[in-house]
Structures are given as structure tokens and as C-alpha cells.
Amino acid sequence: MSITPADEVLLRTVATLRGAGCVFAEEEAQLLLEAAATPAELDALVHRRVVGEPLEVILGWAEFCGLRIRVDAGVFVPRQRTRFLVDLAAELARPGAVVVDLCCGTGAIGAAVAARVPGIELACADIDPAAVRCARLNVGPDARVYEGDLYQALPHALRGRVDVLVVNAPYVPTDEIAMMPPEARDHEPQHALDGGADGVGVHRRVAAGAAQWLAPGGSLLIETSEEQAPLTAQAMADHGLLPRVSTNDEMYCTVVVGTRAGD
């Protein structure tokens, strides 16, 4: 069977990406070929990937929980392991529930929960204006996206009404950021990666204010690492929440869930 010119382009692209260390070179090559309108554009896209730019930023989107999530340059790229956080949040949400996606980035988590549980009242918030702009394009017109530092971004009307507070805040210890893959370290915002000295700095701030915003029986869910989970759980317990740790080995994801007691 003869190799067509299109096959040659694909094979050459795969070889280039594999040489640059891309683990999923075949899949990435196909996506880049579909995105490029001309050979010159393909060369430019491949070059961006070779020098370490995240594939999702190059394409302008990421697949997440069956949704195509827009990803703009300089905004944290949603990780596939975070599907476990969505699973847990969707189990707790019901139609009519108030769900808040704090530190929302692209808004992928909120959008995925809303797609899984129609009829929720969704609010998202992030401190980064670029993330807020991106999230507004992803969550749809029925959700509200606010800009500000954690709870300072939320309207007072949500205080004490939140049924599910879902958070994928940074949890990489400051000294470990230099060891992250270049596509994250060099192309994603520092504030979306840096969790402080032990990686739990933002988690403690979230836990400190959660009880004031959660409805009775409401839950705070924070993605973390298996090693840091005890610290995140302790932060929740210190502020009146009942914590439990859930781990999904297949997705390599750990989530701490803290529940406010019912009145």
C-alpha cells in the first residue's frame, strides 16, 4: 500500500513531536493537522508545541468531561484528573442547588457540573481577569462569573446559600514549581500553580471562610495531592467542617470534602 502525501505529513509531524518529547505524539499530530489550514500554519503550530506551549492553548480548546472548553493563552489548562472532582461535585448537587466554582480558571469544572446536573444555580470566580473572560465564554449565559480574590469576588446574596463549593486551587509547593513540566511552568500563570511553602496556603484561606458561605449541610470540595490531603483536611476541621478524603487511583486524583453541619 502506497503512502499518500497526507500520510507523509502526518508521519513527519509525529516524528517531530516525538523527538520533542511529546508522549501522545500521534494524537497531537492529528489534532494539529486538523487545526492547520495551510502547510505554513501547520509548521507554525508544530513549532509552538515543540518549544513547549501547551497543546490546548495552541488549539484554543481542551476536551473536558465531554465538553469542548475554550482555553486562552495565560489561563490554567484543565487537567483530566480533575474529572474526579467533577464526579464528586455532581453527586452532591441537585437541580436548584447553588454551586460555586472558586478559583475557576477556564470555568471547566462549573461548566461540567452544570452539564451533568441541569438546573443548578452556578457562580464562578477567579482573581485573574484573563481567566474570568475565558470562563464567561465557557459557562454560558445562565451562570455568573465574578472577578476577585476568593470570597471577596462573590456577591453577599450567596452567603450561607452555597450547597456545593468546588475548588481547584493551586497546591504545588513553591519550591517544586521549578520541577514542573515546561508547558505548565513557563506558560501558565504563577498564581495558578503556587500553593505556598507547603502547597496548602490557598486551601487554608478557602477553608477559613467556607462555613460562612455554605448552606447548612453544604460541602466544600478541594482537589489536592494524596500527600497534602491530611493538611487540607485539618484546615477544614479547624474551621468547623467535617472532612473526608476521597482518592481515585485511576485518575491519580485526591479530593478532600468538608461538610458543614446541618442546623
Side-chain angles (χ1 to χ4, degrees), residues 12-36 40-64 68-83 85 101-109 124-135 137-138 147 149-150 167-203 222-225 227-228 251-254:
R12 185 169 62 250
T13 304
V14 169
T16 301
L17 294 175
R18 187 177 289 125
C22 297
V23 177
F24 302 104
E26 291 82 0
E27 293 87 342
E28 293 194 13
Q30 190 63 54
L31 288 168
L32 292 173
L33 281 166
E34 292 171 0
E41 186 175 350
L42 176 62
D43 289 343
L45 296 180
V46 171
H47 174 73
R48 290 171 64 186
R49 186 66 183 123
V50 165
V51 299
E53 194 168 348
L55 176 69
E56 296 84 357
V57 173
I58 297 170
L59 297 175
W61 60 270
E63 188 282 327
F64 182 75
R68 180 171 284 203
I69 298 295
R70 174 165 171 161
V71 180
D72 292 338
V75 179
F76 183 79
V77 176
R79 281 27 173 191
Q80 291 304 313
R81 63 174 173 266
T82 303
R83 291 177 295 158
L85 180 59
D101 180 1
L102 203 61
C103 305
C104 69
T106 61
I109 297 170
C124 303
D126 201 285
I127 195 171
D128 183 2
V132 168
R133 289 192 296 270
C134 191
L137 297 172
N138 286 319
E147 181 182 332
D149 185 20
L150 299 181
V167 182
N168 187 13
Y171 55 89
V172 179
T174 303
D175 291 344
E176 295 181 16
I177 291 177
M179 295 179 283
M180 295 185 71
E183 62 186 52
R185 183 187 67 223
D186 299 336
H187 295 279
E188 293 184 308
Q190 182 89 357
H191 66 262
L193 305 175
D194 192 343
D198 62 359
V200 192
V202 182
H203 294 181
I222 300 182
E223 180 179 315
T224 186
S225 71
E227 295 76 18
Q228 293 162 315
M251 297 186 198
Y252 196 62
C253 184
T254 298

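A quick note: this is a predicted structure, and the numbers were derived from the prediction, not measured.
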How long is the gap from [atom1] on [X] to [atom2] on [Y], to the nearest 0.5 Å?
| X | Y | atom1 | atom2 | result |
| --- | --- | --- | --- | --- |
| Phe76 | His187 | CZ | NE2 | 15.0 Å |
| Glu28 | Leu17 | CD | CG | 6.0 Å |
| Leu193 | Met180 | CG | CE | 4.5 Å |
| Leu59 | Arg49 | CG | CZ | 9.5 Å |
| Asp198 | His203 | CG | NE2 | 10.0 Å |
| Asp194 | Ile177 | CG | CD1 | 4.0 Å |

(message) Closer than 3.5 angstrom, by distance alone: can the side chain of Arg185 be matched with the main-chain N or O of Ala178 as a donor-acceptor pair?
(response)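 Judged by distance alone, yes, a pair lies under 3.5 Å.
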
(message) Whether the side chain of Ser225 engages the backbone of Gln228 through a donor-acceptor N/O pair (distance < 3.5 Å, no angle test) should be reported.
(response)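 Yes, because the side chain of Ser225 sits within donor-acceptor range (under 3.5 Å) of the backbone of Gln228.
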
Residues forming a side chain to side chain contact (heavy atoms under 4.5 Å, CB included) with [X], sequence neighbours excluded:
| X | answer |
| --- | --- |
| Ala73 | Val57 |
| Gln80 | Glu63, Phe64, Arg83 |
| Pro181 | Glu183 |

(request) For Thr254 and Glu223, test the side chains for any donor-to-acceptor distance below 3.5 angstrom and give the result as yes or no. (result)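 No, because no side-chain N or O of Thr254 sits under 3.5 Å from a partner of the opposite role on Glu223.
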
(message) Can you confirm whether the side chains of Thr106 and Asn138 place a donor and an acceptor under 3.5 Å from each other?
(response)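 There is no such pair between these side chains.
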
(message) Does anything in residues 52-62 form a side-chain hydrogen bond (donor to acceptor under 3.5 Å, both in side chains)? List the pairs, not counting sequence neighbours.
(response) Arg48-Glu53

(request) Could you walk me through whether Thr16 and Cys22 pass the side chain to side chain contact (heavy atoms under 4.5 Å, CB included) test, one step at a time? (result) CA-CA 9 Å; Thr16 301; Cys22 297; over 6 Å; no

(request) Identify the heavy atoms of Val14 and Ala25 that sit nearest to each other, and give their distance. (result) O-CB, 3.8 Å

(request) Work out which heavy atom in Val77 is nearest to a heavy atom in Val71; give both atom names and the distance. (result) CG2-CG1, 4.0 Å

(message) My understanding is that only residues two or more places apart in sequence, or in another chain, count here; which of them pass side chain to side chain donor-acceptor pair (under 3.5 Å) with Thr13?
(response) none

(message) Is the shortest side-chain heavy-atom distance between Pro170 and His191 below 4.5 Å?
(response) no

(request) Indicate yes or no: at least one non-hydrogen side-chain atom of Asn168 is less than 4.5 angstrom from one of Pro78. (result) no

Please output the side-chain donor-acceptor pairs of residues 126-134 that fall under 3.5 Å, not counting sequence neighbours, one pair per line with the distance.
from, atom 1, to, atom 2, distance (Å)
Asp126, OD1, Asp128, N, 2.9
Asp126, OD2, Cys104, N, 3.3
Asp126, OD2, Gly105, N, 2.8
Asp128, OD1, Ala130, N, 3.1

